[in-house]
Amino acid sequence: MFDSYSISELGSIFVMQGFAGLILFSVYLLMALGLAIIFGQMGVINMAHGEFMILGAYVTYFTSQAFQHFLPALFPAYFFVAMALAFVASGTLGMIVEWGLIRHLYKRPLDTLLATWGLSLILQQVYRSVFGPREVGVELPAWMMGSLKLTDTIEVQINGLFVMTLTVIITAVVAVMMFRSRWGMQVRAVVLNRMMASAVGINTERVDRLTFGIGCGIAGVAGSAFTMIGSTGPTAGQLYIVDTFLVVVFGGAQSLIGTILSALSISQTQSTLEFFLSGSIAKVITLLGVVGILMLRPQGLFTLKVRR
Amino acid sequence: MLNVENLHVAYGQSEVLHGLDFKVRPDEIVAIMGRNGMGKTTLMKSLMGLVPTKSGTVRVGDGEITNLKSHERVARGMAFVPQGRMIFGTMTVEENIKTGLTVTGESAVPGELYEIFPVLLEMKHRRGGNLSGGQQQQLAIARALASKPKVLLLDEPTEGIQPSIIKDMARTLKRIRDERGLSIVVSEQVLSFALDIADRVLVIENGEIVHEENRATIDEAKVASFLSV
Ligand SMILES: Nc1ncnc2c1ncn2[C@@H]1O[C@H](COP(=O)(O)OP(=O)(O)OP(=O)(O)O)[C@@H](O)[C@H]1O
Ligand SMILES: [Mg+2]
């Protein structure tokens, strides 16, 4: 498939597709981060994670609309506001869901799987009824539109760089919170020994709720990033949940570095192959690659070696 | 300080504690003795709210805690050093102690804890899981004291610890009691340790208290006979 390109052209293609994959990388990484935090803390696999992302995407869309109509002067900055609102909206919904549904099912992993899957269907229908079945797309402010010309043949999109920078910052903030904040310390204690954590005075239920909220909130931010590469519709989240599971499993749950590298390799493979082949073939090849590697390393790319 | 009345505890259908009654005064150390499987751990866990109470009442001071959750009991003044210590293995020594600060709202480890356990200060950046058994025991006690308890529960603290360190531990626990005036309940199988620290000894057998005696008047042979198989 590479026959018709010269070496330098191929180099440029790889670099540019690599940058084009940055937004995909950001979406995967943020989604996987949220999913992994929730899974690590309470062993819940949140099948509705994609819908929390889509809520963030809708919030971003409506924020952009609001800015266009009411605050056109501030439109260039709408994305920052949208991200914060997306985090709050998805996070709040997450806490409500944890309180109303998930906490009653903690000791029953299969039931949480079913319940969150049902929740994802419910949310899709709610989005369809409230926001309409039509897919919507945001308009980017002018400063995010263009691309930077690095060489004659290599250009990178500004919005890609921007979203990735934000993602790196968010990931770093989560890591710092995990290892420096009171919440992070409580989360780690609960993950290590839930019973002992409550016996030293940690309100494990509150930590659960907060963690679920933060995980879902990060999915909401992923939704903001998503608006730049796809159009937002009621079922758009479904396309991403499987990929996100792939990222988490491939990276080795509970390893931040693993999650980052796994999101990077999967999004880059996907994005590079898409240039040469159709999207679905690219996905098949990515999937086969991941399955192959997982057969060799069932624990994922990285595992934390600890005494428990 | 601690007041237990007619405490029944069951795992599902099988009742393990059949109506325990005892009181622990402020400043008092009570040893609960009993052979394996007689219900010591169950008693400790139920006092901490880790195992549900079937019936009866538990009070700390004037406040009833029978139906509170674990973290609420910690806030009311209960603290627990579990059998096997249960240190948070991948967290540092300092972080382990800090988990105990949750209910006090403090953010720095009080200096007096490091004064009692100087070895923990030396090792504060090491992972808890890499400490020796004796050091982990000190860490578990420091973590429990961090919440400023009124009642400290220790479940078989001497398990897996060598005799000279056991002597140190007895001294430390008495010092803590004298300095802080708290009540200590310690479950034990090692008679010498119990006699060393306790003001009063209770013997538990098959979920019932079968013998109770003050340290001053204790008949060692009689207590020993309860503990031999
Ligand atoms: N989770 C549980 N489910 C059912 N039964 C239990 C459970 N934990 C303990 N038991 C039973 O309760 C009884 C008392 O156990 P407990 O652990 O309180 O004994 P112990 O006095 O602490 O013993 P040891 O000295 O060995 O630590 C035992 O018969 C035990 O089999
Ligand atoms: Mg025991």
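So that the names make sense, note that chain A is the first sequence line, chain B the second, and so on, each numbered from 1.
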Enquirer: What option among A:T204, A:N193, A:N203 has the most heavy-atom pairs under 4.5 Å with chain B?
Expert: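 The answer is A:N203.
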Enquirer: Among residues at least two apart in sequence or on other chains, which ones pass ring pair (Phe, Tyr, Trp, His ring centres under 6.0 Å) with A:F25?
Expert: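 By the ring pair (Phe, Tyr, Trp, His ring centres under 6.0 Å) rule, A:F25 matches no residue at all.
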Enquirer: Might you point out which heavy atoms bring A:L192 and B:F88 nearest each other, and give the distance in Å?
Expert: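 Closest approach of A:L192 to B:F88, heavy atoms only: CD1-CB, 3.7 Å.
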Enquirer: Shorter than 4.5 Å, heavy atoms on both sides: which option in B:E72, B:M78, B:K69, B:R73 has the most such pairs with chain A?
Expert: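 Of B:E72, B:M78, B:K69, B:R73, B:K69 has the most heavy-atom pairs under 4.5 Å with chain A.
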Enquirer: When only heavy atoms count and the cut-off is under 4.5 Å, which of residues 96-103 of chain A reach chain B?
Expert: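 Residues of residues 96-103 of chain A touching chain B at under 4.5 Å: none.
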Enquirer: Heavy atoms only: give me the nearest A:A199-B:F80 pair and the separation to one decimal.
Expert: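 Closest pair (atom of A:A199, atom of B:F80, distance): CB-CD2, 4.1 Å.
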Enquirer: Taking everything shown except B:K23 itself, do over 12 heavy atoms lie less than 6.0 Å from its NZ?
Expert: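 Atom NZ in B:K23 is not packed in, count stays at 12 or less.
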Enquirer: Any chance you could lay out the side-chain contact (heavy atoms from CB on, under 4.5 Å) test for A:V200 and B:S147, step after step, and finish with the verdict?
Expert: CA-CA 8 Å; A:V200 296; B:S147 61; over 6 Å; no
Enquirer: Would you say B:H71 and A:R206 make side-chain contact, with heavy atoms under 4.5 Å?
Expert: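 Not in contact.
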Enquirer: Could I get the full list of ring pair (Phe, Tyr, Trp, His ring centres under 6.0 Å) partners for A:Y28, not counting sequence neighbours?
Expert: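 So A:Y28 forms no ring pair (Phe, Tyr, Trp, His ring centres under 6.0 Å) with any residue.
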Enquirer: Which bit of B:T104 comes within less than 4.5 Å of chain A, counting heavy atoms only: side chain, backbone, both or neither?
Expert: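 Answer is neither: B:T104 stays 4.5 Å or more from chain A.
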Enquirer: Mind listing the closest non-hydrogen atom pair of A:S198 and B:S70 along with its distance?
Expert: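 In terms of heavy atoms, the two residues are closest at O-CB, 3.5 Å.
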Enquirer: Of the backbone (N, CA, C, O) and the side chain (C-beta and beyond), which part of B:K45 lies under 4.5 Å from a heavy atom of chain A, both, or neither?
Expert: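 For B:K45, side-chain heavy atoms alone lie under 4.5 Å from chain A.
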Enquirer: Roughly how far apart are B:T99 OG1 and A:I202 CD1, rounded to 0.5 Å?
Expert: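 Those atoms lie 5.5 Å apart.
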Enquirer: Using non-hydrogen atoms and a 4.5 Å limit, figure out which bit of B:M48 sits close to chain A: side chain, backbone, both or neither.
Expert: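 The side chain, not the backbone.
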Enquirer: Under 4.5 Å, heavy atom to heavy atom, which residues of residues 178-190 of chain A contact chain B?
Expert: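 Near chain B, by residue number: A:F179, A:R182, A:M185, A:Q186, A:R188, A:A189.
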